[in-house]
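Working notes, structure below.
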Amino acid sequence: MRQPRSAKANPFPYRGSLVCYLSLDAAGSLTQVGHDFSSAAEAYRRAAAGEIRLYAVWPGEYSSDLFEIDDLNAFADAFGVERPDPHVHDLAWTLSPMDDGTSRYANVNVVFRCGCTLSKQNIKKFANDMRRQMGWNVATSTVPGCHGSADGSEVYTIRVERRTLGRAAP
């Protein structure tokens, strides 16, 4: 028998529509985990507590592979589940030169000073962090843009509901 592959050691599509999550408890009971927030949050909580082990089946081109979800933080981040050790982002932000100043959502350039990165996989976690940390409503339906700056840092362009920007100063 083949052992499950590590999700941590592979580029894993946590939010992929074809991924099927399974939980296995100590008694050997196998349960499918839904892709909705509440199912993911409950699976994360139980896996973090050691009550279950979390696995995923991801179909390949000719066969499906079984993965052990061995990076619970990446799983939580992908589904926007708040972890018990919330990270406080150290970041600088400015309105993008491309912002029109009137749309409901502002284009905001963000530079992380805490070493974080932003991607399609963790935008929901970042949005929850920013809601808690700065009162922002960050759009999660679009992929954040990224470009380099003169000092070599990565600049991410996100969309933030304009009325919530006034709650925090850059």
Side-chain angles (χ1 to χ4, degrees), residues 1-91 109-134 136-149 152-160:
M1 278 182 84
R2 289 179 25 194
Q3 293 296 313
R5 295 173 63 185
S6 167
K8 183 189 279 188
N10 295 278
F12 193 79
Y14 290 95
R15 295 287 300 189
S17 62
L18 297 177
V19 175
C20 176
Y21 288 102
L22 305 166
S23 68
L24 180 66
D25 66 19
S29 178
L30 190 65
T31 307
Q32 185 172 353
V33 177
H35 272 250
D36 58 287
F37 173 81
S38 60
S39 296
E42 178 66 10
Y44 169 77
R45 183 195 65 75
R46 293 189 66 208
E51 297 172 16
I52 62 167
R53 295 195 65 170
L54 195 56
Y55 295 93
V57 177
W58 181 22
E61 190 170 335
Y62 299 106
S63 67
S64 296
D65 288 318
L66 178 65
F67 289 82
E68 179 177 0
I69 303 303
D70 49 358
D71 186 347
L72 291 176
N73 289 339
F75 175 81
D77 292 353
F79 285 93
V81 175
E82 193 166 324
R83 295 183 268 154
D85 60 341
H87 171 69
V88 176
H89 294 286
D90 181 12
L91 54 86
N109 288 341
V110 173
V111 176
F112 290 100
R113 296 184 289 228
C114 54
C116 289
T117 60
L118 195 53
S119 67
K120 180 180 178 181
Q121 287 74 31
N122 68 3
I123 186 69
K124 288 187 178 198
K125 166 75 165 81
F126 175 74
N128 285 341
D129 291 347
M130 290 296 92
R131 187 174 304 111
R132 184 185 69 252
Q133 187 175 327
M134 300 184 68
W136 289 358
N137 288 338
V138 176
T140 60
S141 59
T142 58
V143 177
C146 180
H147 63 277
S149 68
S153 60
E154 297 287 324
V155 179
Y156 297 92
T157 302
I158 59 172
R159 299 186 43 79
V160 179

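Counting begins at 1 with the first residue of the sequence.
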Nearest-0.5 Å distance that lies between atom CD1 in Ile69 and atom OG in Ser6: 9.0 Å
For Lys120 against Pro144, the heavy-atom pair lying closest together: N-CD, 4.4 Å
Check the pair Phe126, Leu91 against side-chain contact (heavy atoms from CB on, under 4.5 Å), reporting the backbone distance first and the verdict last. CA-CA 12 Å; Phe126 175 74; Leu91 54 86; 4.2 Å; yes
Glu154: what forms a salt bridge (charged side-chain N to carboxylate O under 4.0 Å, His left out) with it, not counting sequence neighbours? none
Contacts of Asp129 that satisfy salt bridge (charged side-chain N to carboxylate O under 4.0 Å, His left out) - sequence neighbours left out: Lys125, Arg132
Looking only at heavy atoms, what is the nearest atom pair of Ser153 and Ser149, with distance? OG-OG, 2.8 Å
What do the steps show when you test Tyr156 against Thr117 for side-chain contact (heavy atoms from CB on, under 4.5 Å), and what is the final call? CA-CA 9 Å; Tyr156 297 92; Thr117 60; 3.4 Å; yes
Parallel, tilted or perpendicular: ring planes of Trp58 versus Phe67, cut at 30 and 60 degrees: tilted
For the backbone of Gly80 and the side chain of Asn128, can you confirm whether one donor and one acceptor N or O come within less than 3.5 Å of each other? yes
Give me each pair satisfying salt bridge (Lys or Arg N to Asp or Glu O under 4.0 Å) with a member in residues 20-36, each pair once, sequence neighbours excluded. none
Check whether Asn122 reaches the backbone of Ala74 with its side chain - one donor and one acceptor, N or O, closer than 3.5 Å. no
Are any of the side-chain heavy atoms of Asn73 and Tyr44 separated by less than 4.5 Å? yes
Can you tell me how far the CZ atom of Phe112 sits from the CG atom of Asp90, to the nearest 0.5 Å? 10.5 Å
Can you give me the closest heavy-atom contact between Glu68 and Tyr55, atom names plus distance? CA-CD2, 3.7 Å
Steps toward side-chain contact (heavy atoms from CB on, under 4.5 Å) verdict (Asn137, Arg131): CA-CA 6 Å; Asn137 288 338; Arg131 187 174 304 111; 3.8 Å; yes
List the residues meeting ring pair (Phe, Tyr, Trp, His ring centres under 6.0 Å) with Tyr14, not counting sequence neighbours, and say none if there are none. Phe12
For residues 27-34, which side-chain N or O atoms pair as donor and acceptor with protein atoms under 3.5 Å away, sequence neighbours left out?
none

Does anything in residues 4-18 form a salt bridge (Lys or Arg N to Asp or Glu O under 4.0 Å)? List the pairs, not counting sequence neighbours. Arg5-Asp65
A quick test of your reading: do over 12 heavy atoms of other residues, nucleotides or ligands sit less than 6.0 Å from CZ of Arg53? no
Closest contact, heavy atoms only, Ala43 versus Leu54: CB-CD1, 4.2 Å
Ala56 versus Val19, closest heavy-atom pair with distance: CB-CG1, 3.7 Å
Minimal non-hydrogen separation, Gly16 against His35, with atom names: O-CE1, 3.0 Å
List the steps, then state whether side-chain contact (heavy atoms from CB on, under 4.5 Å) holds for Thr157 with His147. CA-CA 8 Å; Thr157 302; His147 63 277; 4.0 Å; yes
